[in-house]
**Q** 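Mind looking over this structure? Questions follow.
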2 protein chains.
Amino acid sequence: MSVILRPSQALRLWQRVSVAEVRAEAHDLSLRQMAILLTVYLDPPPHTVRGLAARLGVTKPVVTRALDTMGAMKLLSRHRDEKDRRNVLVRRTVEGALYVERFGDGIIAAAAGLPM
Amino acid sequence: MSVILRPSQALRLWQRVSVAEVRAEAHDLSLRQMAILLTVYLDPPPHTVRGLAARLGVTKPVVTRALDTMGAMKLLSRHRDEKDRRNVLVRRTVEGALYVERFGDGIIAAAAGLPM
DNA sequence: ATTGAACGGTACGGTTCCGAAACGATCGGA
DNA sequence: TCCGATCGTTTCGGAACCGTACCGTTCAAT
């Protein structure tokens, strides 16, 4: 059961969610930050800096900086991998889970009110 | 006929499109820029700087700068309103229409492959 | 003709991000 | 015990963006 969207619906959905996010000015995450955040929350762990960089096709410092920013926002947390202390494991937080959940609700609400 | 999405589907959709955009690094628009672009392309004209700022709940310089950036990318164009020369009208461009169309296709493709 | 309001743009100092390169810490095999 | 490879982080100069405040133009009403 795939989700079928027509072009006008797809773009309208994206507009509604974007405008709502800008108006709410909750966190003002960049597209890269959002991609990292959702990957951590949706893809199965563990998540390393290098793994995330490879997944998104960006350099390591990009991921490090995004983790700095979102870490300060308490959306994610970092922990040393005790098995291999070179690695840093990125984990979810309670605040982050709440933020992601609400963001998903926003998408659903925007989709529900979409004209056919 | 509204579009029904479940939470996991909504978030997965956003992740797929975000990751694809980051990987493609086509234009790297911020959330604000995307909201402005889609509003110009989806809402009925005319679009003024002040009107867009009010629509998104941001200040004028934010819109001006976004128009500078996306104007340089040829995604939008500015024109003086000849009826009231204080106004600047924001208009679509061929390149912008193409970009928006492809972006919509990306959303549709991501939605179509969504697990139930 | 003058004045006040409305419009978009600009100047400013500060913050954040960028990519490339170098760095220290850690691991694993010779 | 080295020593190369693999981590994540930091540094660097440069670019983009932020919000506040101010500026020049244009309109409309007096």
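Each chain gets a letter, A, B and so on, in the order the sequences are listed, and its residues count up from 1.
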**Q** With a 4.0 Å cut-off on heavy atoms, is B:T69 in touch with a base, just the backbone sugar-phosphate, or nothing at all?
**A**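 Sugar-phosphate, backbone atoms only, no base.
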
**Q** I need the B:E101 CD to B:Y41 OH distance, nearest 0.5 Å.
**A**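 Spacing of CD (B:E101) from OH (B:Y41) equals 11.0 Å.
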
**Q** In this structure, which one of B:R80, B:H79, B:R85 forms a side-chain hydrogen bond (donor to acceptor under 3.5 Å, both in side chains) with B:E82?
**A**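 It is B:R85, the one option of B:R80, B:H79, B:R85 that forms the side-chain hydrogen bond (donor to acceptor under 3.5 Å, both in side chains) with B:E82.
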
**Q** Using a 4.0 Å cut-off to any heavy atom of chain A, which nucleotides of DNA chain C are the first and last in contact, reading 5' to 3'?
**A**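 Range of nucleotides within reach of chain A: C:dC17 to C:dC27.
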
**Q** Taking B:S30's backbone N and O only, do any of them form a donor-acceptor pair with A:S30's side chain (distance below 3.5 Å, no angle check)?
**A**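 Absent.
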
**Q** Hey, could you give me the CD1/CD distance between B:I4 and B:Q9, rounded to the nearest 0.5 Å?
**A**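 Going from CD1 on B:I4 over to CD on B:Q9, the span is 10.5 Å.
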
**Q** Could you note down all residue pairs passing salt bridge (charged side-chain N to carboxylate O under 4.0 Å, His left out) where residues 7-23 of chain A supplies at least one of them, sequence neighbours left out?
**A**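 As it turns out, the salt bridge (charged side-chain N to carboxylate O under 4.0 Å, His left out) pairs with a partner in residues 7-23 of chain A, which skip direct neighbours, are A:R12-B:D43.
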
**Q** Can you classify the ring geometry of B:H27 versus B:Y99 as parallel (below 30°), tilted (30 to 60°) or perpendicular (above 60°)?
**A**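 Perpendicular, since the angle between the ring planes exceeds 60°.
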
**Q** Report which part of the nucleic acid B:T48 touches: base, sugar-phosphate, or nothing (heavy-atom distance under 4.0 Å, all strands).
**A**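 Touches sugar-phosphate only.
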
**Q** Is there a chain of hydrophobic side chains (I, L, V, M, F, W, Y, each step under 4.5 Å between heavy atoms) that links A:L38 to A:L89?
**A**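 A:L38 does not cluster with A:L89.
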
**Q** How far apart are the closest heavy atoms of B:V90 and B:L67, and which atoms are they?
**A**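 Answer, listing the atom of B:V90 first, then B:L67: CG2-CD1, 3.7 Å.
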
**Q** Atom CD in B:Q33, atom CE in B:M70: separation rounded to 0.5 Å?
**A**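 The CE atom of B:M70 is 5.5 Å from CD of B:Q33, to the nearest 0.5 Å.
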
**Q** Kindly state which residues belonging to residues 75-93 of chain B come within less than 4.0 angstrom of DNA chain D, counting heavy atoms of the residue only, listed by number.
**A**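 Listed by number, they are B:D84, B:R85, B:R86.
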
**Q** Once side-chain hydrogen bond (donor to acceptor under 3.5 Å, both in side chains) is applied, do any residues pair with A:D105, and if so which ones, sequence neighbours excluded?
**A**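 In terms of side-chain hydrogen bond (donor to acceptor under 3.5 Å, both in side chains), with neighbours along the sequence ignored, A:D105 is linked to no residue.
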
**Q** Rounded at 0.5 Å granularity, tell me how far CZ in A:F103 sits from CG in A:L37.
**A**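 It comes to 9.0 Å.
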
**Q** Could you state whether B:V58 and B:L42 fall into the same hydrophobic cluster, counting links through intermediate Ile, Leu, Val, Met, Phe, Trp or Tyr residues with side-chain heavy atoms under 4.5 angstrom apart?
**A**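 Yes, B:V58 and B:L42 fall within the same hydrophobic cluster.
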
**Q** Would you call A:K83-A:D81 a salt bridge at under 4.0 Å N-O?
**A**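 A:D81 and A:K83: not salt-bridged.
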
**Q** Does A:V62 reach a base, just sugar-phosphate, or nothing at all? Heavy atoms under 4.0 Å.
**A**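 Answer is sugar-phosphate: A:V62 comes under 4.0 Å of backbone atoms only.
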
**Q** For DNA chain C, find the residues of residues 51-61 of chain B with a heavy-atom distance under 4.0 Å and give them by number; none if there aren't any.
**A**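 B:K60, B:P61, in order of number.
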
**Q** Can you pull the contact range of chain A along DNA chain D, 5' to 3', using atoms under 4.0 angstrom from its heavy atoms?
**A**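 The contacted stretch runs from D:dT6 to D:dT10.
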
